[in-house]
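Structure, as structure tokens:
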Amino acid sequence: MLEVENVVTRYGVIEALKGVSIRVERGEIVAIIGANGAGKSTLLMTICGQPRAASGRIRFEGREITDLPTYDIVRLGIVQAPEGRRIFPRMTVYENLLMGAVPTGGRYLEEDLERVFALFPRLKERLHQRGGTLSGGEQQMLCIGRALMARPKLLLLDEPSLGIAPILVRQIFEAIVAINRERGLSILLVEQNAYQALKIAHRGYVLASGRVVREGTGRQLLADPEVRAAYLEGGQ
Amino acid sequence: MAYFLQQLINGIALGMVYGLIAIGYSMVYGIIGMINFAHGEIYMIGAFVSIIFFTLLGMLGISWAPLALVLVLLAAIVITSLYGWTVERIAYRPLRGSFRLAPLISAIGMSIFLQTYVQVTQGAKIKPLQPVITGGITFTDASGFTVTISWIQVLIVVLTVALMAGFTWIIAKTPLGRAQRACAQDLKMAALCGVDVDRTISLTFVIGAALAAVAGLMATLYYGVIDFFIGFLAGVKAFTAAVLGGIGSIPGAMLGGLVLGLVEAFWSGYFSIEYKDVAAFTILVIVLIFLPTGILGQPEVEKV
Ligand SMILES: Nc1ncnc2c1ncn2[C@@H]1O[C@H](COP(=O)(O)OP(=O)(O)OP(=O)(O)O)[C@@H](O)[C@H]1O
Ligand SMILES: [Mg+2]
């Protein structure tokens, strides 16, 4: 459903992606792992047109989206829960969720809110609290909840476990698996926590210095000695 | 006491005009982090459109004040908004994403251009307006002092309060207002939520220009004379009001405007009317040194 072909992305003179090709099939969880600065976040952002690819092509459901404005890409169903969560700090939890519902025009608001609360009951308790005052874990839940409010077809998750207590990490990973199973939602998951990510992923890619250096099923990558040495040292 | 009350009334009316202009500075700063130096000129254009339409309506024989006022108000809002929109489109949008000072320089250029454009097309001479609204309510206290609230002042207060109420509702409750706040807090994330950021920024300029147009109309009625240069002083004062209230904060802009109007009125009433503009600049300097985030400004730390 998503095909990224030979994409190059530059920040000024820095070439953050040097010809990356990946694909995500319908209903898959695909993990992207790699060291700091490998270009993982840049890849997710480029898919959303922020920044735009300098060359290469991105197709979604057979349609070329490389040069579409970000709001059109989002309306087609590619929604990102970005690195650092980027909750609107001076908006309430409820308003943050409303912002997530922008692409649907709020048509299924009640229904979608209930589904988010079913996944993250904590958000319902914090509904009128300002986003900036939530704990890191709560912000992550809100970040994923906000993305789900858009009714995505493909969810891009950037480091959902970053800076969060292990108990919450498990809860969030369970939520990711649940969303994927129950709704058949395709997920592209970027993670530092390579072990956890590869365990739940159908397939994965290893990114290093802006290039894909390995790809395979989650199981293959977990077993790959080089991947183990580079990214799973001290695993778990 | 009566004298004090009179200055208070004058200060409030003046402050509301400054507040309306200040909102335009504050909103634009809030959303794209730039000071739109051409905003004072947008206000000046609002004043010119008002005077031109009053003259036009006079020629058409429409002289019943309420009707003339409504028509001029609509014309001023529509035409001035168009200027606001155009300025953003041609002078700022192409520079988005370039180095930080570029739009600022462009704004100063725009400001000079608009001043010159009005000077050339409308002439450099002061333009007077035949009084449209006259009279007021006069109170006399025991010692024989009188306090007058002119109908123009009443109009300024009523119109401003109504506009502020509507505007506050838009910002707090509508999808457009939410999109605007989202853009102000995190432009990139707003885009990732599916907000058309360029359109939201355009609308911000349009709303700011519409409010400045109303201020321009009211100032024209209040002072009775305008020229192509009025945007400069009014712009600096409104900018001061925005900084004083906390730039980026909309209630702050209104509050800053009120404080500035009151200070100016009392300064002219009790110290020196020739140096009334000094008051505004003094405040700007003091605020920038001692209270850089303003009264209602958001401290930066809350940014996640
Ligand atoms: N806005 C930017 N301007 C300039 N360079 C950038 C920008 N964002 C990222 N880079 C550079 O691009 C490269 C890839 O960064 P990216 O954020 O995609 O890495 P990452 O794999 O997500 O890393 P991490 O695991 O630390 O999140 C890095 O060298 C980084 O310094
Ligand atoms: Mg990253």
Side-chain angles (χ1 to χ4, degrees), chain A residues 11-12 41 44-45 47-52 68-92 94-106 109 130-136 139-140 142-143 146-147 149-152 156 158 163, chain B residues 26-27 29-33 93-94 96-100 102 168-203 245-252 293-294 296-304:
Chain A
Y11 296 108
S41 302
L44 293 198
M45 282 297 179
I47 293 171
C48 296
Q50 300 268 346
R52 223 155 268 298
L68 286 186
T70 299
Y71 57 85
D72 274 339
I73 297 174
V74 175
R75 277 186 173 73
L76 287 175
I78 302 181
V79 181
Q80 183 167 175
E83 181 170 34
R85 308 181 275 261
R86 303 186 91 138
I87 297 304
F88 298 112
R90 297 190 291 282
M91 286 189 177
T92 62
Y94 179 64
E95 285 182 313
N96 269 281
L97 292 171
L98 284 182
M99 284 311 297
V102 164
T104 67
L109 198 61
R130 279 172 156 218
T133 64
L134 295 178
S135 75
Q139 287 194 353
Q140 190 57 57
L142 179 54
C143 178
R146 179 178 61 187
M149 291 299 290
R151 301 207 150 191
L156 312 181
D158 198 341
Chain B
S26 219
M27 271 201 315
Y29 182 84
I31 206 161
I32 50 176
R93 188 180 296 184
R96 212 167 290 150
S98 81
F99 70 109
R100 260 187 88 81
T168 306
W169 177 79
I170 290 178
I171 294 295
K173 299 289 180 199
T174 66
L176 170 64
R178 234 178 352 258
Q180 256 169 345
R181 282 182 291 138
C183 286
Q185 291 172 38
D186 188 340
L187 213 53
K188 193 164 173 183
M189 190 59 229
L192 291 174
C193 283
V195 171
D196 183 343
V197 170
D198 281 337
R199 180 171 158 270
T200 308
I201 293 174
S202 275
L203 283 172
I247 192 140
S249 157
I250 289 163
T293 56
L296 300 181
Q298 300 284 349
E300 284 294 313
V301 278
E302 213 195 349
K303 282 235 164 92
V304 177

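Numbered from 1 within each chain, the chains take letters A, B, ... in sequence-line order. Note: hydrogens, waters and symmetry copies are ignored here, and every other heavy atom, side chains too, is used.
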Point to revise | A:Met149 versus chain B, the contacting section by heavy-atom distance below 4.5 Å | key: neither
Review point. With no hydrogens and no angle check, is any side-chain donor or acceptor of A:Arg151 less than 3.5 Å from a backbone partner on A:Ala101?
Key: no
Point to revise | A:Arg90 versus B:Gln185, closest heavy-atom pair with distance | key: N-OE1, 2.9 Å
Check your understanding: Do you know which of A:Pro82, A:Ala150, A:Cys48, A:Gly100 has the most heavy-atom pairs with chain B at a distance under 4.5 angstrom?
Key -> A:Pro82
Practice item. Without swapping roles, check the side chain of B:Thr200 against the backbone of B:Gln180 for a donor-acceptor pair under 3.5 Å. Key: no
Check your understanding: Any donor and acceptor pair, going by atom type alone, linking the side chain of B:Arg181 with main-chain N or O of B:Ile171 inside 3.5 Å?
Key -> yes
**Study point:** Side chain / backbone / both / neither for A:Pro69 at chain B, heavy atoms under 4.5 Å
**Key:** neither
Practice item. Heavy-atom pairs under 4.5 Å with chain B are the metric here; pick the option from A:Leu98, A:Ile78, A:Asn96 that has the most. Key: A:Leu98
